[in-house]
S.K.: 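Quick one: the structure is below, questions incoming.
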Amino acid sequence: RRPWCTSKGFDSSAPVGALVPAERFDMTGKSIAMKVNGEQKQQSELAKMIWNPSEVIVHLSSFYRLMPGDLIFTGTPAGVGTLRPGDLCEVVVDGLP
């Protein structure tokens, strides 16, 4: 029903920045944006996620044993495009380092 939930990450993929415990981050009013080579390609409000983080965790917990520190990769806002070797991707979430 939601195959993309299990296909967003795989072993040794997806570099990430500093981690912030969920209990120290309030998604209210926050947005996410991505630039590729300095050009903004994606931008949206976190409140527009189809399923909130709790719903995603409950769903994935029926397939996997989730542990503290596990990362879950979800879908992205409109603007998905092809990346090429050497592209510089910058992702910013309001309120995160």
Side-chain angles (χ1 to χ4, degrees):
R1 187 177 118 181
R2 299 189 316 205
W4 51 89
C5 285
T6 58
S7 64
K8 296 298 178 183
F10 45 89
D11 289 347
S12 301
S13 71
V16 298
L19 300 180
V20 174
E23 63 271 7
R24 293 198 309 196
F25 180 70
D26 180 8
M27 289 179 39
T28 307
K30 304 293 189 336
S31 65
I32 185 170
M34 184 182 80
K35 293 181 181 180
V36 177
N37 300 321
E39 180 183 345
Q40 185 165 300
K41 298 288 188 173
Q42 296 180 291
Q43 192 282 326
S44 188
E45 300 166 21
L46 294 176
K48 292 183 178 179
M49 291 176 66
I50 296 170
W51 293 282
N52 68 44
S54 294
E55 293 169 321
V56 173
I57 290 168
V58 167
H59 178 73
L60 289 177
S61 292
S62 69
F63 297 101
Y64 309 105
R65 181 180 65 196
L66 297 176
M67 302 295 292
D70 284 349
L71 301 177
I72 298 172
F73 296 90
T74 63
T76 63
V80 174
T82 303
L83 294 175
R84 293 177 172 58
D87 282 348
L88 175 63
C89 299
E90 301 170 85
V91 178
V92 175
V93 178
D94 293 337
L96 293 179

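In this chain, residues are counted from 1 in sequence order.
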S.K.: Minimum heavy-atom separation for Gly86 to Asn37, with atom names?
M.R.: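 So the two residues come closest at O-OD1, 4.3 Å.
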S.K.: If hydrophobic clusters are built by linking Ile, Leu, Val, Met, Phe, Trp and Tyr wherever their side-chain heavy atoms come under 4.5 Å apart, do Val93 and Val20 end up in the same one?
M.R.: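 Per the 4.5 Å side-chain linkage, Val93 and Val20 are co-clustered.
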S.K.: Once rounded to the nearest 0.5 Å, what's the spacing between atom CE of Met34 and atom OG1 of Thr76?
M.R.: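 The distance works out to 7.0 Å.
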S.K.: Which value, rounded to the nearest 0.5 Å, describes the distance between Met27 atom CE and Asp94 atom CG?
M.R.: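 That separation rounds to 11.5 Å.
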S.K.: Tell me whether Val56 is reachable from Phe63 by hopping between hydrophobic residues (I, L, V, M, F, W, Y) whose side-chain heavy atoms are closer than 4.5 Å.
M.R.: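 Linked, Phe63 and Val56 end up in one cluster.
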S.K.: Please tell me whether Val58 and Leu60 are part of a single hydrophobic cluster in this structure, the criterion being side-chain heavy atoms less than 4.5 Å apart.
M.R.: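 In one cluster: no.
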S.K.: So for atom CD, which belongs to Glu45, do other residues, nucleotides or ligands contribute more than 12 heavy atoms lying within a distance under 6.0 Å?
M.R.: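 No, not enclosed.
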S.K.: Side chains of Tyr64 and Asp70: closer than 4.5 Å at any heavy-atom pair?
M.R.: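 The answer is no, as the side chains (C-beta and beyond) never meet within the 4.5 Å cut-off.
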S.K.: Which residues pass the side-chain contact (heavy atoms from CB on, under 4.5 Å) test with Arg84, sequence neighbours left out?
M.R.: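 Expected list: Thr82, Asp87.
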S.K.: How long is the straight-line distance from CG of Asn52 back to CG of Leu46, given to the nearest 0.5 Å?
M.R.: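 Reported value, rounded in 0.5 Å steps: 12.0 Å.
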S.K.: Compare every heavy atom of Ile72 with every heavy atom of Leu66, then report the nearest pair and how far apart it is.
M.R.: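 Nearest heavy atoms, Leu66 then Ile72: CD1-CD1, 4.2 Å.
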S.K.: Considering residues, nucleotides and ligands other than Ile50, do more than 12 of their heavy atoms fall under 6.0 Å from its CD1?
M.R.: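 Open: at most 12 neighbouring heavy atoms sit under 6.0 Å from CD1 of Ile50.
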S.K.: Roughly how far apart are Arg24 CZ and Leu19 CG, rounded to 0.5 Å?
M.R.: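 Spacing of CZ (Arg24) from CG (Leu19) equals 10.5 Å.
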S.K.: Donor-acceptor pair, distance only, cut-off 3.5 Å: does the side chain of Gln42 make one with the backbone of Pro77?
M.R.: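 Yes, the answer is positive, given that a donor and an acceptor are paired below the 3.5 Å cut-off.
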S.K.: Taking all heavy atoms of Lys30 and all of Gly95, pick out the closest pair and write down the distance.
M.R.: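 Heavy atoms of Lys30 and Gly95 come nearest at CE-CA, 4.2 Å.
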S.K.: Write down the atom of Lys48, the atom of Ser44, and the distance for their closest heavy-atom approach.
M.R.: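 Minimum heavy-atom contact is CD-OG, 3.7 Å.
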S.K.: Would a single hydrophobic cluster contain both Ile32 and Phe73, if residues Ile, Leu, Val, Met, Phe, Trp and Tyr are joined by side-chain heavy-atom contacts under 4.5 Å?
M.R.: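 Not linked; separate clusters.
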S.K.: Tell me every residue that passes salt bridge (Lys or Arg N to Asp or Glu O under 4.0 Å) with Glu39, counting only those two or more places apart in sequence or in another chain.
M.R.: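 So Glu39 forms a salt bridge (Lys or Arg N to Asp or Glu O under 4.0 Å) with Lys41.
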